[in-house]
Student: 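Structure in structure tokens, see below.
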Protein chains: 2
Amino acid sequence: MADLLSVAKLAGVSRATASRTFATPERVSPATRRKVEDAATQLAFRPNKVARQLRARATKMIGVMVPSLNNPVFAEQLHAMEVAAREAGYSLIVTTSGYDPSREQAIVEEMLSQRVDGLALTVAVARDSAVLTTLQRETTPCLLVYNPPHPGGLPAIGVDNRAAMAEATRHLIALGHRHIGMVAGPLLQSDRARLRYAGYRQAMREHGLAPQPLIEMPRHTQAELACLAPALAGPNRLTAVLCTNDLLAISLIGELQRATFSVPDDLSVMGFDGIDLGRRLYPSLCSMEQPRIEIGRAAIASLLAMIQGQSPPLPFLPHALREGESVGAPPTSRQAPTLRSPQRNTP
Amino acid sequence: MADLLSVAKLAGVSRATASRTFATPERVSPATRRKVEDAATQLAFRPNKVARQLRARATKMIGVMVPSLNNPVFAEQLHAMEVAAREAGYSLIVTTSGYDPSREQAIVEEMLSQRVDGLALTVAVARDSAVLTTLQRETTPCLLVYNPPHPGGLPAIGVDNRAAMAEATRHLIALGHRHIGMVAGPLLQSDRARLRYAGYRQAMREHGLAPQPLIEMPRHTQAELACLAPALAGPNRLTAVLCTNDLLAISLIGELQRATFSVPDDLSVMGFDGIDLGRRLYPSLCSMEQPRIEIGRAAIASLLAMIQGQSPPLPFLPHALREGESVGAPPTSRQAPTLRSPQRNTP
DNA sequence: TCGCCCCATGAGATCGATCTCATCGATCAC
DNA sequence: GTGATCGATGAGATCGATCTCATGGGGCGA
């Protein structure tokens, strides 16, 4: 591939002049500019960004690490980040960690070695994370996405998980629900889920209701009906559940319906995240929406500001309740519907 | 940030020796190695990949361009690519094009300038695409993902869309359906959708059935019931529809149910892609599955092979029918259910 | 006409690592 | 003992663009 030097030679000028032709054309005489441009076209010259990055000591690249791209929450946020970054002339290096601390460590190390200008990370638990304490000593701007901020920790952007889940809980209470449960994935693996559970308990207590023990599923995004079954029987059976994320809620609704439970007539199910798909389903998913697009955009904007040495305000972004058909008033009859064994036609 | 030179100085050796300590430690005496490693630790040395890339004329980076990350098909495939690339020591630069040709052009140009070692692209229509003909003249290995191959065109990886949709159609025919329709997004925008429609027509004709005109929705991933309504009325109303992708199918099922249609009792709905979420829904989505994980992995493996100068075999990867509750036998009664106006509790 | 300034341009250093080639001392075979 | 070999190391070039500083010529005011 042709380089600046060959272009300069062909045009009969120095490298400096050729370089100026592209960087600051107004500082080159029109005649020379023409010659250089012609030579560049002829040789199919394409500037080498790597060389520029080395010299500039800046890569115009931002490293992004998310747990997974299989969860639309992260994919949708990443999409927004990519668009925002591109608009600002930045590229993204994208990696997935699967919440695995050793992978997180390797990824961050690799990206710092690549000299990204900034880092946007989502980790399992931000507090006391080994990677993050290492990072705090580095000079590369770094921002946590979705993870809650901690005093003395890295800057973070996302919603106020505790307040958001409290609000979601109050929404159910306002509809008349009294027996409300919460369903989560492995709790230890997500600081957000823990805050959401705290928000739930808080709202319950505020209204003089007893917070129920957490119903913990073996996986983050797939519901096991067996884990929930005990809570759906007996006189104090739940009439509504809050899920820590939308995928979990969607899969739970599917399982319930397959067991001939009606949502929301027998059980109201509420999600958290507000992924696009939730609106398309029937019943549409009632969810506490995190502004994924805004979070992605704001993350990029904040990182760019940090790169320029500013420390941008990073308030929580506003969450919003999204109504949906998966939540309704509690059943008037207190008779428990029975979970029937599902008839599937899938193998 | 400390560089090799300062490490070398502190250790009292030359840059060459310091460099060897990390690249080929066996060629450095143990004593020297120790000194250099100590110095590196002390200075928190982290090798600069940009410099290495410049010198090596190779970046160990692969550029990926997908239309969108909001569609799980692309997100899931990208996830697989990221894992495979990381295992091979490569990073991904990820971009989204929104199928916009000018953005496609700019993105490819930018990535070539970044000197990625390979490119994995998904475009709207591969044939006669301006970007792609430009790319064929370049030496950077480039691979189309999901797009169908064309003689003399760029290498491509994906499933045989025509055969796959023909098979999907035969599945419905085998269940007894005779009035089968096909629902798509804007057809001109996707060469895959066109092939799928061709496969549908082929299978219909094979069985002496009349292919129906395509039911074209204004958007790729969101169904408008109004577009479908005419085909659901009258004596020859459809008993089954094939959708060009899963998101479209899922959203269609939602709309149908909201209008008190039963899936599959009143209408069988089949998807195409096989995204993970489809299995979790009720009814679970019957779909023709593209092996997204395998496609992502194979794309990376093939690109790596191409980077090494080999031209790997790129057969179609096998598609697979995924059974699901959204498809069943056609209704025995020929009386048409009526589409009722939906009662939503969402605004 | 002289001097000053500005504009266009070029020479050379620089970013940080790696690669080639030369050197030097030690070991080994004969 | 001497030449050959090998292992460890260093000097210097190199990747490709950009930045600084110097230079030379033209224009302009006095």
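Since this is a predicted model, take the numbers as computed values, not measurements.
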Student: Which residue pairs satisfy the ring-ring contact (aromatic ring centres under 6.0 Å, His included) criterion with at least one member in residues 28-47 of chain A, sequence neighbours excluded?
Tutor: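 Residue pairs passing ring-ring contact (aromatic ring centres under 6.0 Å, His included), neighbours aside: A:Phe22-A:Phe45.
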Student: Which word best sums up how the rings of A:Tyr99 and A:His220 line up, parallel for under 30°, tilted for 30 to 60°, or perpendicular for over 60°?
Tutor: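 A:Tyr99 and A:His220: tilted rings.
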Student: Starting at the 5' end of DNA chain D and moving along, which residue's nearest nucleotide shows up first, B:Arg57 or B:Ser14?
Tutor: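 Its nucleotide being nearer the 5' end, the pick is B:Ser14.
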Student: Can you give the first and last nucleotides of DNA chain D, 5' to 3', that have an atom under 4.0 Å from a heavy atom of chain A?
Tutor: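 First and last nucleotides in contact are D:dG16 to D:dC19.
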Student: Could you tell me whether B:Glu110 and A:Lys60 make a salt bridge, using a distance below 4.0 angstrom between a side-chain N and a carboxylate O?
Tutor: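 No, no charged N to carboxylate O under 4.0 Å.
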Student: Check DNA chain C against residues 107-116 of chain A and give the residues with a non-hydrogen atom under 4.0 Å, in numerical order.
Tutor: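 Listed by number, there are none.
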Student: Going by heavy atoms closer than 4.0 Å, what residues in residues 16-35 of chain B are next to DNA chain C?
Tutor: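 When residues 16-35 of chain B is checked for heavy atoms under 4.0 Å from DNA chain C, the hits, listed by number, are B:Ala16, B:Ser19.
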Student: Evaluate the side-chain proximity of B:Ser19 to B:Leu4: yes if any heavy-atom separation is below 4.5 Å, no if none is.
Tutor: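 Of all side-chain heavy-atom pairs linking B:Ser19 with B:Leu4, at least one is under 4.5 Å.
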Student: Give a yes or no on whether a salt bridge exists between B:Arg34 and B:Glu37, defined as a side-chain N under 4.0 angstrom from a carboxylate O.
Tutor: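 B:Glu37 and B:Arg34: not salt-bridged.
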Student: Any heavy-atom pair between the side chains of A:Leu154 and A:Gln136 that's under 4.5 Å?
Tutor: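 Heavy-atom side-chain distance check passes, below 4.5 Å.
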Student: Taking A:Arg192 for the side chain and A:Asn161 for the main chain, is one N or O donor matched with an acceptor at less than 3.5 Å?
Tutor: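 No, the answer is negative, given that no donor and acceptor are paired below the 3.5 Å cut-off.
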Student: Pairs under 3.5 angstrom only: tabulate donor-acceptor contacts from the side chains of residues 120-127 of chain B to other protein residues two or more places apart or in another chain.
Tutor:
{"from": "B:Thr122", "atom 1": "OG1", "to": "B:Val145", "atom 2": "O", "distance (Å)": "2.9"}

Student: Got A:Gln114 and A:Met61 here, is their nearest side-chain heavy-atom distance under 4.5 Å?
Tutor: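 Result yes, sub-4.5 Å side-chain heavy-atom pair found.
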Student: Which pairs pass ring-ring contact (aromatic ring centres under 6.0 Å, His included) with one or both residues in residues 102-133 of chain B, sequence neighbours excluded?
Tutor: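 Listed once each, the pairs would be none.
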